Amino acid sequence: MLIFGERINGMFTDIGDALRNKDPKPLQYWAVKQEEGGAHYLDVNSGPAIPTDERVAAYEWMVNVIQEVSQLPLVLDSTNYNAIEAGLKVCKRPAIINSCPAEQVKIERVFPMAIQYNAGIIGLTMDKKGIPKDADNRVAFAMELVAAADEYGLPMEDLFIDPLILPVNVAQEHAPEVLESLRQVKMLANPAPRTVLGLSNVSQKSPDRNLINRTYLAMAIASGLDAAIMDANDDDLVDVAATCQILLNRSIYADSYLKVFRTR
Amino acid sequence: MSVTLVKERYSSKVGEVVLGATPEQGGTRTATVTVGGDSALPFLHFEGQMPNRPVIAMEVTDVVPAWNEMITKQIGDVINDPAAWAKKCVDEFGADLIYLKFDGADPEGENRSPEDCARIVKEVLAAVGVPIIVEGCDDSAKNNEVITAIAEAAAGENLLIGIAEQDNYKSIAAAAMVHKHTLIARSPLDINICKQLNILINEMGLPLNKIIIDPTVAGLGFGIEYVYSIMERARLGALANDKMLSMPIICTVGYEANRCKEAYASEEEFPGWGGLEDRGVLWEAVTASGVLQVGASILVMRNPTAVRLVQKNIADLMSK
């Protein structure tokens, strides 16, 4: 189970301000803090804080300042592929591109770039028309992405299918469909693609965010989730991930398993 | 029609551990011994690397052992002198390491003093050039005193010292750390305690490449299948990047095999079992080759004839 720390995102006020002021400190603070919490990767997203025409330079700067303090690999999160490519050029460790929907034009842009920079891809089970309501259509999009990986020669374990979870307070019917999608995606190929969710989305604007995140994470891992973009500093949430490893017999139990899960 | 072999790919490998230290490294050994490093299941050379062959440590005790005559007669007069006995094991029987056990330190036996034990270790170190494994006695309080004294007297030699167990590991782990030795961590045929003990020792500050796992084994016919399953689980864990189970494994084969009645009862007592001489050798050799198949890196053995058989078995299995 891989944890992609979500906190370096311009949607958060401190990161947004830091990006505007070119102040590396908040990015570096969260890089270190998320690693301590248990993150395996750091998601990096400028959000709307940076004007579109400055994003290329911004991603290069973000990657560089984070790598000054952290050895963790990065997940470059943007819809601007030139910005992602600028980041990939300076990444010291193989990164993951976040993201590519099941649209031919974008597949043609992203998959060769992933091969060139030895990067992984988060593939979204959606196209221009948006996110499907049910599992079947999500899996159909996943299949297109799996076929693209095959065509371009991307190793299947470097493809992370994201079946896209929506907030439970407005789109409750999606939650079980996403779980079903996870189960089916793991059967699309052998070796199977990996799976990922933007976990915190499930609890947007709900008062019991942490509880919803923790419960859904356990359900999703049992359904085949391999990675989550999540709050790496919610200790109880990280404990859930660690405990799932034990209860699914993926890691051998020891009394100190919670601590070991955080050891890098 | 050509057949493509299905190969397993693993994400990690067993850690490498170096035993002994040469004069440049602060010790007096003529050469060090490296164990571990496997990147596949044992001897599957087509799936991964096995850079270091399994090694055999021969058992030497500080007091004359109550072993059966089939073994003691091969050792001969030197059985009264640990240093000469160790030298014979290396020179004549080809031992890669010496395993020195201080049964005489037991308070209920000869109650040998820690200082006297340390003196014997020095004598054995002077007699042979191979790295040495040292274990104290079965009384844990006395064992701590003995091993602490030995660790200090042989500081820098990178002995492999034991035994650290879940309820008694701190003083011996500290001795290993301070005096630069490697530690045997023993668990009672329990994969979860095995992992937990490694975690606890590592938390004290001893690096993972200074730990050897003793999972506790059993002789042929006395639960070796269970031993096999535990060792296999540990090995698959190591290959799947479980760092807390990735240490090389030591197996006290000679001790366990020779506790089995089949290894010492006479033909007169059990006519259907055949001659003891061959039976005793085979019981130990087959126990050894069983655990070799599941990842033993260090075999602690007793019967020189069995050692010879297992040396050949290892050489055969290592040839590609």
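All of these numbers come straight from a predicted model, not from anything done at the bench. To find a chain, count down the sequence lines: A is the first, B the second, and so on, and within it residues start at 1.
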Under 3.5 Å side-chain donor-acceptor pair for A:Ser200 and A:Glu6: yes
Between A:Glu68 and A:Gln28: side-chain donor-acceptor atoms closer than 3.5 Å: yes
Option that, when pairs with chain A are counted at under 4.5 Å, heavy atom only, ranks first among B:Met244, B:Lys195, B:Lys243: B:Lys195
Chain A contact via B:Ile193 - side chain, backbone, both or neither, heavy atoms under 4.5 Å: neither
Residue pair B:Asn158 / B:Thr182, side-chain donor-acceptor N/O under 3.5 Å: yes
Under 4.5 Å from any heavy atom of chain B - which part of A:Glu157: side chain
Evaluation steps, side-chain hydrogen bond (donor to acceptor under 3.5 Å, both in side chains), between A:Asn213 and A:Asp234: CA-CA 10 Å; A:Asn213 290 344; A:Asp234 175 353; 5.5 Å; no
